[in-house]
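First comes the structure, then the notes that go with it.
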Number of protein chains: 2
Amino acid sequence: MIAAQTNVNRIFHALGDPTRRAIVERLSVRGPLSASALAEPMGVTVTAITQHLRVLEDCRLVRTEKVGRVRSCRVEPSGLSVLTRWVDAQRTRWERRLDAMGAILDESDE
Amino acid sequence: MIAAQTNVNRIFHALGDPTRRAIVERLSVRGPLSASALAEPMGVTVTAITQHLRVLEDCRLVRTEKVGRVRSCRVEPSGLSVLTRWVDAQRTRWERRLDAMGAILDESDE
DNA sequence: CCAATAGTGAAGTGGTGGCTTCAGTATTAA
DNA sequence: TTAATACTGAAGCCACCACTTCACTATTGG
């Protein structure tokens, strides 16, 4: 529970940065890419990309693997489910509240 | 398009902050709340809440209305759909890429 | 009217985070 | 072996942002 909470925290924080979101988007379209391949069109240093990759990997949004001297990066699509689960939870709570309000109104009708 | 992009930006940034996410969560469970009612259990000043509310309102995650001297706040559930749309888009792209890879493999099989 | 309540605006502070440079390591190519 | 490539670690810089305090306005209850 608490672990899940902190993971929600980290995922939202991770995707709150445009560059990191761009990395995820890019990895979704083009397949596995190296760090330098990611850096090139983004206008940042490879060092910056490495740092972002660490963040994305920590919250399991991206999986990387070092083969030889190049780090191969790919999305971990299941990582996004944390996001959908959070959104769905909000929706459920919201609807539940509406239902409860409806029940109260019905009651006062009787 | 670009407007949508910047809105995605703002929504992710808005929800990247734990306090703001707590506000959204709390408003989903308990109905409309005042700024001070939001501040009380969060351990922050009412001023801080006001600032957060402005951010949440700017990206249409929350709707507030000042009645008398109290600002009544409620969630705008449609605001979260931007989030689900983004996640779905990533999933679609990812699956499309897998399909394309499959097609290539099929081709080389012939 | 007076006091209490609810919120707002401005300004300042501290911390975090994204980015850079630079100096290094490990791998690959010639 | 030498040179080039691909990345990594450390350290520093700077901008942003969450938060505070303080002074103020607007509303409401006695």
Side-chain angles (χ1 to χ4, degrees), chain A residues 5-27 30-75 79, chain B residues 5-27 30-76:
Chain A
Q5 269 291 42
T6 64
N7 205 34
V8 171
N9 249 329
R10 297 197 298 193
I11 286 193
F12 268 105
H13 170 251
L15 294 175
D17 178 69
T19 307
R20 277 194 292 262
R21 224 164 45 247
I23 291 178
V24 172
E25 289 171 355
R26 203 166 145 72
L27 288 179
R30 319 234 192 289
L33 290 175
S34 70
S36 39
L38 283 170
E40 189 260 321
M42 307 234 186
V44 290
T45 334
V46 184
T47 309
I49 295 292
T50 308
Q51 292 163 350
H52 283 310
L53 285 175
R54 178 167 184 83
V55 173
L56 289 170
E57 221 176 348
D58 278 353
C59 57
R60 313 237 181 270
L61 283 170
V62 160
R63 227 171 58 77
T64 81
E65 182 191 9
K66 187 127 185 195
V67 28
R69 63 181 165 180
V70 34
R71 177 166 297 275
S72 171
C73 314
R74 65 182 65 197
V75 281
Chain B
Q5 270 290 43
T6 63
N7 206 35
V8 171
N9 250 328
R10 295 197 300 190
I11 284 192
F12 268 105
H13 169 252
L15 293 175
D17 177 70
T19 308
R20 277 194 292 263
R21 223 165 46 247
I23 290 177
V24 171
E25 289 172 355
R26 203 165 145 71
L27 287 179
R30 319 235 192 288
L33 289 176
S34 69
S36 39
L38 283 169
E40 188 261 322
M42 307 233 186
V44 290
T45 335
V46 184
T47 309
I49 295 291
T50 307
Q51 290 163 352
H52 284 310
L53 285 174
R54 179 169 184 83
V55 173
L56 290 169
E57 222 176 347
D58 278 353
C59 58
R60 313 239 180 268
L61 283 170
V62 161
R63 227 171 57 79
T64 80
E65 181 192 8
K66 188 130 182 195
V67 28
R69 62 183 167 181
V70 34
R71 177 166 297 275
S72 171
C73 315
R74 63 183 67 198
V75 281
E76 184 107 54

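Order of the sequence lines sets the chain letters (A, B, ...), proteins ahead of strands, with each chain counted from 1.
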How is A:Thr45 classified with respect to the nucleic acid when contacts are heavy atoms under 4.0 Å: base, sugar-phosphate, or nothing? base
Among C:dA6, D:dA6, D:dT21, which is the nearest nucleotide to the side chain of B:Thr47? D:dT21
N or O in side chain of A:Ser36 less than 4.0 angstrom from D:dT5 OP1/OP2: no
Check the distance between C:dG9's P and B:Ile49's CD1 and give it to me in whole angstrom. 16 Å
If we count only N and O atoms by modelled type, under 3.5 Å, do the side chains of A:Asn7 and A:Arg60 hold a donor and an acceptor together? no
Go through D:dA18, C:dA6, C:dG18 for me and flag the one nearest to the A:His13 side chain. C:dG18
A:His52 side-chain N/O to C:dG17 phosphate OP1/OP2 under 4.0 Å: no
Give me the one residue out of B:Val44, B:Val46, B:Leu27 that meets side chain to side chain contact (heavy atoms under 4.5 Å, CB included) with B:Leu38. B:Leu27
Could you state the CD-P distance from A:Glu65 to D:dA6, rounded to the nearest angstrom? 18 Å
Closest to the side chain of B:Arg69, out of D:dA18, D:dT28, C:dG7, is D:dT28
Between SG of B:Cys73 and CG of B:Leu56, what distance do you get to the nearest 0.5 Å? 9.5 Å
Beyond-backbone contact of A:Val55 with A:Gln51, side-chain heavy atoms, under 4.5 angstrom: no
Classify the nucleic acid contact of B:Ala35 as base, sugar-phosphate or nothing, counting any heavy atom under 4.0 Å across all strands shown. sugar-phosphate
Just to be sure I understand the rule, does A:Arg54 reach a base, reach only the sugar-phosphate, or reach nothing, if contact means heavy atoms closer than 4.0 Å? nothing
Whole angstrom is fine here: how far is it from CG in A:Asp17 over to P in D:dC17? 12 Å
Are B:Val62 and B:His52 close enough that some pair of their side-chain heavy atoms sits under 4.5 Å apart? no
How do A:Gly68 and B:Ala37 order along DNA chain C: which one's closest nucleotide is nearer the 5' end? B:Ala37
Quick check on B:Arg74: does its CZ atom have over 12 non-hydrogen neighbours (other residues, nucleotides or ligands) under 6.0 Å away? no
Of B:Ser72 and A:Val67, the one whose closest DNA chain C nucleotide lies more 5': B:Ser72
In whole angstrom, what separates A:Leu15's CG from C:dG18's C1'? 16 Å
Figure out the CG/P separation between B:Leu53 and C:dA6, and round it to whole Å. 16 Å
Separation of D:dA18 P from B:Met42 CE (nearest whole Å): 14 Å
Roughly, in whole Å, what's the span from CZ in B:Arg10 to P in D:dC16? 17 Å
Nearest whole Å is fine: how far is C:dT16 P from A:Phe12 CZ? 22 Å
Using a heavy-atom cut-off of under 4.0 Å over every strand shown, decide if A:Ser34 touches base, sugar-phosphate, or nothing. sugar-phosphate
Side chain of A:Gln51 (C-beta onward), nearest among D:dA6, C:dC19, C:dA6: C:dC19
Base, sugar-phosphate, or nothing for B:Thr19, non-hydrogen atoms under 4.0 angstrom? sugar-phosphate
